[in-house]
Amino acid sequence: MARNKEALLLLLDVGPSMHPALSEIEKVCSMLVQKKLIYSKYDEVGIVLFGTEDTNNELTTEVGGYQHVVILKNT
């Protein structure tokens with residue numbers, strides 16, 4: 001039986017201007033991910049952080065851009 005899969009992609013600005021709101025944003029994102037894992041265990045969740053001090057994304061090495069963007073993934 002075929003089942004439709006969904007993907008949730010969270011794009012989070014974690015730069016200095018967002019620091020006052022990050023604790024509330026963390027709570028909301030955590031709730032969304034928990035609901036996805038509990039009620040839709042076959043769906044996928046992705047998180048992209050930008051405004052970080054670190055850089056970890058494939059496009060940085062491929063095209064030399066996208067500094068201060070971190071892509072977290074479970075491989």
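Nothing fancy with the numbering, it's 1 onward along the sequence. Everything quoted here is computed from the prediction, not taken from an experiment.
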Report all side-chain donor-acceptor pairs from residues 5-25 shorter than 3.5 Å, counting only partners two or more places apart or in another chain.
{"residue": "K5", "atom": "NZ", "partner": "E44", "partner atom": "OE2", "Å": "3.1"}
{"residue": "E6", "atom": "OE1", "partner": "K36", "partner atom": "NZ", "Å": "3.0"}
{"residue": "D13", "atom": "OD1", "partner": "G15", "partner atom": "N", "Å": "2.9"}
{"residue": "H19", "atom": "NE2", "partner": "V14", "partner atom": "O", "Å": "3.3"}

query: Can you check whether G51's main-chain N or O pairs, donor with acceptor, with H68's side chain at less than 3.5 Å?
result: no
message: Checking Q67 now: which residues fulfil side chain to side chain contact (heavy atoms under 4.5 Å, CB included) with it, not counting sequence neighbours?
response: T55, T60
message: Would you say E26 and S30 are linked by a side-chain donor-acceptor pair, where the criterion is simply a distance under 3.5 Å?
response: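 Checked: S30/E26 side chains show no N/O donor-acceptor pair below 3.5 Å.
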query: If you look at every heavy atom in V45 and V33, which pair is closest and at what distance?
result: CG1-CG2, 3.8 Å
statement: Apart from M31 itself, members of its ILVMFWY cluster (side-chain separation under 4.5 Å) are none
query: Taking the hydrophobic residues Ile, Leu, Val, Met, Phe, Trp and Tyr, and joining any pair whose side-chain heavy atoms are under 4.5 Å apart, which ones share a cluster with Y39?
result: I38
- prompt: Does the pair L49 and V69 meet the rule for a side chain to side chain contact (heavy atoms under 4.5 Å, CB included), with working shown?
  reply: CA-CA 6 Å; L49 304 176; V69 174; over 6 Å; no
